[in-house]
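Every heavy atom of this structure was used, including side-chain atoms; hydrogens, water molecules and symmetry mates were not. On a predicted model such as this, the values are computed, not experimentally measured, just so you know.
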Amino acid sequence: MNAILRTARSTDAGTTGAILHGFARENDWMPELHSEAETIAFCGRMIDLGWVTVAEVQGQVAGFLALDGEEVQSLYLTAPARGQGIGKQLVDLAKTQRPNLKLRAFQANHRACRFYERNGFVEVARSDGSENDENLPDIKYVWTRKEEVDG
């Protein structure tokens, strides 16, 4: 499924916030630390900073990626959009914008870990979660663009 990727607008804060908040609610291992309103406000701040690209399918936001420099802060999709290639489209766009990317994924989020590994990210560290708000063990992944060598 091909999505249209575009820079997020302030009016996308509600939808992106609902997607992010929904993820916390659908995974029993994920603590629900913030209300949906707080999560929408958080997404609004990321949008205001220019970090967010949204993926639209049939005119509806189906997911988003927030990129702060080389750090992928967030990559979330609606449940129906998962497994459709939309996350790959968002990551591929980020790869065209930066020579290196880094991110953290929760160890309990097996689907995300498999996704990042399939898309060229390499595990470089693990933590016990003491440094993230959720207090969940996580994995640090990095991706580096391979320079093509003229032969």
Side-chain angles (χ1 to χ4, degrees), residues 3 5-57 60-145:
L5 305 184
R6 64 167 174 79
T7 301
R9 301 183 282 261
S10 60
T11 53
D12 294 317
T15 305
T16 56
I19 291 168
L20 179 54
H21 191 258
F23 179 81
R25 298 193 75 187
E26 70 188 38
N27 290 288
D28 57 3
W29 52 264
M30 181 79 170
E32 193 175 333
L33 300 177
H34 305 284
S35 69
E36 187 166 357
E38 290 169 326
T39 306
I40 289 168
F42 172 71
C43 286
R45 283 192 299 281
M46 290 193 298
I47 290 169
D48 290 346
L49 290 168
W51 295 358
V52 181
T53 299
V54 297
E56 281 188 348
V57 176
Q60 301 295 313
V61 173
F64 71 97
L65 182 139
L67 184 62
D68 173 17
E70 294 182 342
E71 181 117 13
V72 176
Q73 294 289 334
S74 298
L75 173 57
Y76 291 94
L77 304 172
T78 61
R82 294 179 201 141
Q84 306 297 314
I86 296 169
K88 182 173 177 12
Q89 279 184 262
L90 286 162
V91 166
D92 285 350
L93 177 63
K95 288 176 175 180
T96 68
Q97 297 171 339
R98 305 287 190 279
N100 305 292
L101 296 172
K102 58 186 175 180
L103 59 89
R104 292 191 175 273
F106 297 118
Q107 291 179 29
N109 193 348
H110 303 292
R111 185 177 184 145
C113 294
R114 284 191 309 270
F115 169 81
Y116 291 121
E117 291 164 9
R118 276 195 321 268
N119 283 280
F121 287 80
V122 176
E123 177 181 332
V124 294
R126 288 183 179 238
S127 86
D128 62 4
S130 60
E131 294 182 17
N132 63 51
D133 292 342
E134 294 82 2
N135 235 5
L136 293 173
D138 62 16
I139 302 172
K140 181 177 182 180
Y141 286 100
V142 297
W143 170 86
T144 301
R145 182 181 302 139

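- Rounding to the nearest 0.5 Å places CZ of R25 at 13.0 Å from CE of M30.
- Residue A3 comes nearest to A55 through the heavy atom pair CB-CB, 3.9 Å, listed as atom of the first residue, atom of the second, then distance.
- Taking each heavy atom of I47 and S10 in turn, the nearest pair found is CG2-N, 3.9 Å.
- Within the structure, every pair that satisfies the side chain to side chain donor-acceptor pair (under 3.5 Å) test and touches residues 12-22, not counting sequence neighbours, is listed here: R6-D12, H21-E32.
- With a 4.5 Å cut-off on side-chain heavy atoms, R104 and N132 do not count as touching.
- Taking the side-chain contact (heavy atoms from CB on, under 4.5 Å) definition, one finds that N135 meets it with nothing, sequence neighbours left out.
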For this session: Start with the C-alpha gap between Q60 and T78, add the side-chain angles, then the distance that decides, and say whether side chain to side chain contact (heavy atoms under 4.5 Å, CB included) holds.
Result: CA-CA 10 Å; Q60 301 295 313; T78 61; over 6 Å; no
For this session: Please report the C-alpha distance between N109 and W29 in whole Å, then the side-chain angles of each, then the deciding distance to 0.1 Å, and finally whether the side chain to side chain contact (heavy atoms under 4.5 Å, CB included) criterion is met.
Result: CA-CA 9 Å; N109 193 348; W29 52 264; 3.7 Å; yes
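- Not counting sequence neighbours, Q97 has no partner by the side-chain hydrogen bond (donor to acceptor under 3.5 Å, both in side chains) test.
- In plain terms, the two heavy atoms of V57 and A62 that are nearest each other are CG2-CB, 3.9 Å.
- To the nearest 0.5 Å, atoms OG (S74) and CZ (F42) are separated by 5.0 Å.
- Between L67 and L65 the shortest side-chain heavy-atom distance falls below 4.5 Å.
- The aromatic rings of F121 and W143 are tilted relative to each other, their planes meeting at an angle between 30° and 60°.
- Evaluation of the side-chain contact (heavy atoms from CB on, under 4.5 Å) rule for E71 yields Q73, K102 as partners, not counting sequence neighbours.
- A donor and an acceptor atom, one from each side chain of Y116 and E123, are nowhere located under 3.5 Å apart.
- How far CG of L20 is from CE of M46: 6.5 Å, rounded to the nearest 0.5 Å.
- Rounding to the nearest 0.5 Å places NZ of K88 at 10.0 Å from CZ of R118.
- Listed by chain and number, the residues in a side-chain contact (heavy atoms from CB on, under 4.5 Å) with S35 are A37, E38 (sequence neighbours excluded).
- Side-chain atoms of R82 come within 3.5 Å of backbone atoms of L77 as a donor-acceptor pair (strictly under, hydrogens ignored).
- Minimum interatomic distance between A81 and I86 (heavy atoms only, all atoms of both residues): CB-CD1, 3.8 Å.
- Between the NZ atom of K95 and the OG1 atom of T144 there is a distance of 10.5 Å, given to the nearest 0.5 Å.
- Residue P31 comes nearest to A24 through the heavy atom pair O-CB, 4.3 Å, listed as atom of the first residue, atom of the second, then distance.
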Exercise. Can you list the steps and then say if F115 with L75 is a side chain to side chain contact (heavy atoms under 4.5 Å, CB included)?
Worked result: CA-CA 11 Å; F115 169 81; L75 173 57; 3.7 Å; yes
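- Heavy-atom minimum distance, Q107 versus S127: NE2-O, 3.5 Å.
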Problem set entry | Derivation and outcome, side chain to side chain contact (heavy atoms under 4.5 Å, CB included), residues Y141 and E117 | CA-CA 8 Å; Y141 286 100; E117 291 164 9; 2.7 Å; yes
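- Between the CZ atom of R126 and the CD1 atom of I139 there is a distance of 4.0 Å, given to the nearest 0.5 Å.
- Residues satisfying the side-chain contact (heavy atoms from CB on, under 4.5 Å) test with T53, not counting sequence neighbours, are L5, L90, L93.
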